[in-house]
*Asks:* 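Mind looking over this structure? Questions follow.
Whatever order the structure lists ligands and atoms in, that order sets their numbers, starting from 1.
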Amino acid sequence: MPNDQTPDTADKRALLRKAALEYHEFPQPGKITVGATKQMINQHDLALAYSPGVAAPCEEIVKDPNAAFKYTARGNLVGVVTNGTAVLGLGDIGPLAGKPVMEGKGVLFKKFSGIDVFDIEINEKDPEKLVEIIASLEPTFGGINLEDIKAPDCFYVERKLRERMKIPVFHDDQHGTAIVVGAAIINGLKVAGKDIKTARLVASGAGAAALACLGLLVKLGLPRENIWVTDIAGVVYEGRAELMDEDKAFFAQKTELRSLSQVIEGADIFLGLSAGGVLKKDMVARMAPRPLIFALANPNPEIAPEDVKAVRDDAIIATGRTDYPNQVNNVLCFPYIFRGALDCGATTITTQMEIAAVHAIAELAQAEQSEVVAKAYAGEALAFGPEYLIPKPFDPRLMMKIAPAVAQAALDSGVALRPIADMDAYRDHLQTFVYASGTTMKPIFTAAKMGTKKRVAYSEGEEERVLRAAQIVVDEHIARPTLIGRPTVIAERLEKFGLRLKEGQDYDVVNVEDDHRYRDFWQTYHRMTERKGVTVPIAKIELRRRLTLIGSMLLHKGEVDGLICGTWGHTAHHLQYIDQVIGRRAGVHTYACMNALLLPNRQLFVVDTHVNYDPTAEQLAEITIMGAEEILRFGLKPKAALLSHSNFGNSNQPSAVKMRQTLELLRVQAPWLEVDGEMHGDIALDGKARMALMPHSTLAGDANLLVMPNIDAANIAYNLLKTAAGGNIAIGPVLLGAGQPVHILTPSATVRRIVNITALTVADANAAR
Ligand SMILES: NC(=O)C1=CN([C@@H]2O[C@H](COP(=O)(O)OP(=O)(O)OC[C@H]3O[C@@H](n4cnc5c(N)ncnc54)[C@H](OP(=O)(O)O)[C@@H]3O)[C@@H](O)[C@H]2O)C=CC1
Ligand SMILES: CC(=O)C(=O)O
Ligand SMILES: [Mg+2]
């Protein structure tokens, strides 16, 4: 923790405070709003949504209460409920002042698991009355997340509500924290080489979070007699009268020791869920070798990591803060445990569900890092170890790992009212939420996995995104990568990124500095290009340094089944080598690039984004057909719109005339294709508006293949849509027209995009058999 006294820290704190206040105030007060899921634009909508139409779902729910899950948002709605008596480490600041925290929880639920939240701040401290109020909210919600209610009241309130309510009630400060702490301690002990059955733990704090953590740790195998609890009054011992309650008394030790300083001697684990600065350096010095120091009080930990390091270099440290490694925060758990619980109609959250979540989180940290996380935490060492015991909050795999594990455990413990019948389909559904590209790519992945041709070369084999993609490609059995680069650099970088790939076992390397195929490759290249200005010395040099040329030659020689390049440089740079060595498919005259955009309510394919500057009508017709054929492979029906500034003949500018000529050519060359034009962009995307304007249009419904008149229009439209939609929604570019499976990415390609294009390349290779 930074020293609170330094002016620098005071400045930084003031800046953060100012930024936080602005964040909450602008552009409108608060962090959440309510959005409608249905259209409400005319009298008819009003009649359906409200009186008289709304009576119909009401009557259905009277007949069958379960119909509420069908006709209302209840099944995806959680109440984040507090009385503001223990808000973070700020104490009893009251329900109104706690509202920003509850709104924040709502935002996290929505962002990480798509769950809607009403935050409910209740002005009531009497636990009995609190129970009455919360229990009466059952018709509103699918689940209740209790938040920041002080101990011991929170134990009573949760217990009573669980008895009374038939929906999950979960006090996040207790169980969410306990689950994440449980995962971190399992992993911490693994790193320290210690056994949970013999480890000795000292806790500071005996409140909601601490006691729940200890309870769960006992269930995970930590013997109760190895746990020593301290709080503001010192050690919790048998016979103590001061500040005791039954939950605390469970951990009372028969001992003469009275202070944290005394019981810390020789401890393997310190678990702080109390207040800043409680643990002192001299206490840390007296702990067992390789101690775990979990100083989790917010915002100031029980001891600053710097102070631990000053006295021990073997300690494994976790805090609740974002600015140090190993942030233990219940956000790693609550969005996903509720996702799993809601999706299977769990009536409560059982210990089995909690333990399933613990193991899911622990295992995730031991797997290698995802791209999203690596990007968000650039520069940090993120391989499993002392500085990486638990996943990061932005890890997209948390959802796919925790929610199904929780839903399965709910089923196993007999509390799932609507059990998930097909767990694989459920995972696919969650995957779709996490990666917008999930569903669209499904047929391509299926085609890739069913075939036998699986060797894919990557020109930029040392590139981080390529290596991360290669790990996924191997794990998901999509392909066997051939990485073009320097073998030692590749191996070193794999280790640095915490990836598990092994040369020879999982992937092959073409060593750009020394490969036995070099002579054959340059000689072949020379023979292909000797009448195109390439001399022997040029051929030798090119084959030494042009990675895409090496890749193209591998593909040409049948050493691999597909090639992927383009994580740097321009399309034209890579295409020249592909053209020289691979060439176009028989009968094809033009290369082109198609990009898919996965927008919230539609999928769009755009051509030609990267190759032809100002294609002719003949070229556009060919590109349209190739694009449409590719869309069929995604399992979608292509619906092509030839776009223009002109709408069905209202302009005679050359670009409009060109699109009309393209249509004429397509009518002859591809009578099977649903296509029309030339038309405006809005008319392309809105089938109803098109029918009103052009009742005899040969294109029905919304177009999904947008054929642009030139590269400016295509490239600009694609990049605008991609960026306006928030990024990470693109698949491609898909290279159309090449004689063998090869694709040229763009420098903005993400790991997901590389994996997707790999699947497409393998599917191409299988189709070409
Ligand atoms: N990182 C994370 O994910 C989470 C962190 N927390 C943090 O943990 C802390 C406790 O939260 P929570 O359990 O909800 O709150 P509670 O109010 O329920 O519990 C606080 C506990 O800490 C004890 N305590 C307070 N001051 C001291 C002190 N100086 N020395 C020893 N013990 C002390 C209290 O003792 P007494 O009752 O005797 O006053 C009480 O047992 C907070 O800082 C909170 O922000 C909580 C949840 C999650
Ligand atoms: C993280 C959290 O819930 C708390 O500190 O209260
Ligand atoms: Mg809390």
Side-chain angles (χ1 to χ4, degrees), residues 1 80-93 98-106 108-109 119 145-158 170-185 202-216 228-236 240-245 247-249 251 258-261 263-264 270-280 283 294-303 317-324 326-335 361 390 393:
M1 185 180 56
V80 170
V81 184
T82 191
N83 66 353
T85 48
V87 179
L88 308 176
L90 303 173
D92 183 357
I93 60 171
K99 190 168 171 65
V101 175
M102 307 310 133
E103 284 192 357
K105 285 255 142 123
L108 299 179
F109 264 110
D119 60 296
N145 180 105
L146 299 174
E147 191 67 40
D148 293 354
I149 299 172
K150 79 174 164 62
D153 298 355
C154 60
F155 304 128
Y156 176 80
V157 170
E158 188 192 54
F170 184 79
H171 183 205
D172 165 46
D173 295 290
Q174 291 184 54
H175 313 295
T177 312
I179 287 165
V180 182
V181 165
I185 285 190
V202 171
S204 170
L211 292 181
C213 289
L214 298 176
L216 190 61
W228 296 72
V229 179
T230 64
D231 64 7
I232 212 151
V235 173
V236 173
R240 188 178 115 172
E242 196 188 350
L243 291 171
M244 289 299 281
D245 57 65
D247 297 275
K248 211 185 275 191
F251 292 100
R258 292 290 178 265
S259 67
L260 173 62
S261 176
V263 291
I264 198 78
F270 169 81
L271 176 61
L273 284 155
S274 52
V278 170
L279 188 67
K280 308 295 176 203
M283 300 182 194
F294 283 34
L296 305 181
N298 282 329
N300 295 324
E302 282 77 0
I303 187 166
I317 310 164
T319 69
R321 297 171 61 113
T322 46
D323 49 356
Y324 290 104
N326 295 327
Q327 185 192 12
V328 169
N329 193 292
N330 43 34
V331 69
L332 293 181
C333 172
F334 67 79
I361 295 170
I390 43 168

*Asks:* Please check if the side chain of R258 supplies one atom and the backbone of V235 the other of a donor-acceptor pair under 3.5 Å.
*Replies:*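 Not a single qualifying donor-acceptor pair exists.
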*Asks:* For K105 and D148: C-alpha separation, side-chain torsions, deciding distance, then whether salt bridge (charged side-chain N to carboxylate O under 4.0 Å, His left out) applies.
*Replies:* CA-CA 11 Å; K105 285 255 142 123; D148 293 354; 5.7 Å; no
*Asks:* Atom 25 (C) of ligand 1: which protein heavy atom is closest, and how many Å away?
*Replies:* I232 CD1, 4.1 Å
*Asks:* One residue to check: D148. Relative to ligand 2, which of side chain, backbone, both or neither has a non-hydrogen atom less than 4.0 Å away?
*Replies:*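 Side chain only; the backbone of D148 stays clear of ligand 2.
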*Asks:* If we ignore hydrogens and angles and just use 3.5 Å, is the side chain of K248 paired with the main-chain N or O of P152 as donor and acceptor?
*Replies:* no
*Asks:* Counting N and O atoms only, with roles assigned by atom type, does the side chain of E302 sit under 3.5 Å from a partner on the main chain of A297, one being a donor and the other an acceptor?
*Replies:* yes
*Asks:* Do S261 and K280 have side chains that approach each other closer than 4.5 Å (heavy atoms only, starting at C-beta)?
*Replies:* no
*Asks:* What protein heavy atom sits nearest atom 2 (C) of ligand 1, and how far off is it?
*Replies:*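 For atom 2 (C) of ligand 1, the nearest protein heavy atom comes out as V328 O, 3.5 Å.
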*Asks:* Applying a 4.0 Å heavy-atom criterion (strictly less than), which segment of L273 is in contact with ligand 1: side chain, backbone, both, or neither?
*Replies:* both
*Asks:* Roughly how far apart are E242 CD and D231 CG, rounded to 0.5 Å?
*Replies:* 8.0 Å
*Asks:* Measure T177 to ligand 1 on non-hydrogen atoms and call it side chain, backbone, both or neither using the 4.0 Å cut-off.
*Replies:*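 Under 4.0 Å from ligand 1, T177 contributes side-chain atoms alone.
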*Asks:* What is the closest protein heavy atom to atom 17 (O) of ligand 1, and at what distance does it sit?
*Replies:*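 Protein heavy atom at minimum distance: A86 CB, 4.2 Å.
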*Asks:* Would K150 and D92 pass as an ion pair if we require N to O under 4.0 Å?
*Replies:*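 Here K150 does not pair with D92 in a salt bridge, since their nearest N and O are not under 4.0 Å apart.
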*Asks:* If the cut-off is 4.0 Å to any non-hydrogen atom of V278, which atoms of ligand 1 fall inside it?
*Replies:*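 Answer, ordered by atom number: 28 (C), 29 (N), 30 (N).
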*Asks:* Considering only heavy atoms of L296, which atoms of ligand 1 have at least one such atom less than 4.0 Å away?
*Replies:* 1 (N), 5 (C), 7 (C)
*Asks:* Could you list which atoms of ligand 1 come closer than 4.0 Å to a heavy atom of N298?
*Replies:* 1 (N), 2 (C), 4 (C), 5 (C), 7 (C), 43 (O), 45 (O)
*Asks:* When you compare the side chain of L279 with that of S204, does any pair of heavy atoms fall below 4.5 Å?
*Replies:*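 Heavy-atom side-chain distance check fails, nothing below 4.5 Å.
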*Asks:* Hey, is L243 touching ligand 1 through its side chain, its backbone, both or neither, going by heavy atoms under 4.0 Å?
*Replies:*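 Looking at L243 and ligand 1, just side chain atoms fall under 4.0 Å.
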*Asks:* For ligand 2, which part of N330 has a heavy atom less than 4.0 Å away: the side chain, the backbone, both, or neither?
*Replies:* side chain
*Asks:* Name the closest protein heavy atom to atom 6 (O) of ligand 2, giving the residue it belongs to and the distance to 0.1 Å.
*Replies:*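 Protein heavy atom with the smallest distance to atom 6 (O) of ligand 2: D173 OD1, 2.9 Å.
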*Asks:* Under 4.0 Å from a heavy atom of D231: which atoms of ligand 1 are those, numbered in the order shown and with their elements?
*Replies:*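 Atoms satisfying the 4.0 Å criterion: 31 (C), 32 (N), 35 (O), 38 (O).
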*Asks:* Rounded to 10°, how big is the angle at the Mg ion (ligand 3) from E147 OE2 to D148 OD1?
*Replies:* 100°
*Asks:* For atom 22 (O) of ligand 1, what is the nearest protein heavy atom, given as residue, atom name and distance?
*Replies:*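 Among all protein heavy atoms, the one nearest atom 22 (O) of ligand 1 is S274 CA, 3.3 Å.
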*Asks:* Looking only at non-hydrogen atoms, find the nearest pair between A151 and C154 and report the distance.
*Replies:* CA-SG, 3.7 Å
*Asks:* Checking C213 against L271 for the side-chain contact (heavy atoms from CB on, under 4.5 Å) test, could you report, in this order, the C-alpha distance in whole Å, the side-chain angles of both residues, the deciding distance, and whether it holds?
*Replies:* CA-CA 9 Å; C213 289; L271 176 61; 3.8 Å; yes
*Asks:* Give the atom numbers and elements of ligand 1 that come within less than 4.0 Å of a heavy atom of D173.
*Replies:*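 The list of qualifying atoms is 47 (C).
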*Asks:* State, with a plain yes or no, whether a side-chain heavy atom of D247 is found less than 4.5 Å away from one of Q174.
*Replies:*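 Side chain of D247 against side chain of Q174, heavy atoms only: no contact under 4.5 Å found.
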*Asks:* Any donor-acceptor pair under 3.5 Å linking the side-chain atoms of N330 with those of T177?
*Replies:*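 N330 and T177 do have a side-chain donor-acceptor pair below 3.5 Å.
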*Asks:* Which of the atoms in ligand 2, numbered in the order shown and given with their element, are less than 4.0 Å from a heavy-atom of N298?
*Replies:* 1 (C), 5 (O)
*Asks:* Is N329 in polar range of ligand 2, meaning some N or O pair under 3.5 Å apart?
*Replies:* no
*Asks:* Give yes or no for whether the N/O distance cutoff of 3.5 Å, strictly under, is met between K248 and ligand 1.
*Replies:*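 Such a contact does not occur with ligand 1.
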*Asks:* As a check for students: among A233, P301, A209, identify the option with a heavy atom nearest to atom 11 (O) of ligand 1.
*Replies:* A209
*Asks:* What atoms of ligand 1 come closer than 4.0 angstrom to any heavy atom of N330?
*Replies:* 3 (O), 48 (C)
*Asks:* Taking N or O atoms only and a 3.5 Å limit, does A297 qualify as a polar contact for ligand 1?
*Replies:* no
*Asks:* Could you list which atoms of ligand 2 come closer than 4.0 Å to a heavy atom of E147?
*Replies:*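 So the atoms of ligand 2 that pass are 3 (O).
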*Asks:* Out of the N/O/S atoms in D173, what is the name of the one closest to the Mg ion (ligand 3)?
*Replies:*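 D173's closest N, O or S atom to the Mg ion (ligand 3) is named OD1.
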*Asks:* F294 pairs by side chain to side chain contact (heavy atoms under 4.5 Å, CB included) with which of I185, L273, I317, N326?
*Replies:* I185
*Asks:* Within 4.0 Å of atom 34 (C) of ligand 1 (strictly less), any protein heavy atom?
*Replies:*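 No, there is none.
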*Asks:* Return the CD to CG distance between E158 and L146, rounded to the nearest 0.5 Å.
*Replies:* 6.0 Å
*Asks:* Does an N or O anywhere in A206 fall below 3.5 Å from an N or O of ligand 1?
*Replies:* yes
*Asks:* Minimum distance, heavy atoms only, to atom 21 (C) of ligand 1: which one of G207, A275, A318, G89 is it?
*Replies:* G207
*Asks:* Could you list the atoms of ligand 1 found under 4.0 angstrom from a heavy atom of A151?
*Replies:*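 Counting from 1, the qualifying ligand atoms are 18 (O).
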*Asks:* Are any of the N/O atoms in A208 less than 3.5 Å from those in ligand 1?
*Replies:*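 Yes - when backbone and side-chain N and O of A208 are compared with those of ligand 1, one distance drops under 3.5 Å.
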*Asks:* Does the side chain of D173 reach to within under 4.5 Å of the side chain of E147, using non-hydrogen atoms?
*Replies:* yes
*Asks:* If you look at every heavy atom in P393 and Q327, which pair is closest and at what distance?
*Replies:* CG-OE1, 4.0 Å
*Asks:* Under 4.0 Å from a heavy atom of K105: which atoms of ligand 2 are those, numbered in the order shown and with their elements?
*Replies:* 3 (O)
*Asks:* If I compare all heavy atoms of M283 with all of V278, which pair ends up nearest, and what's the gap?
*Replies:* CE-O, 4.1 Å
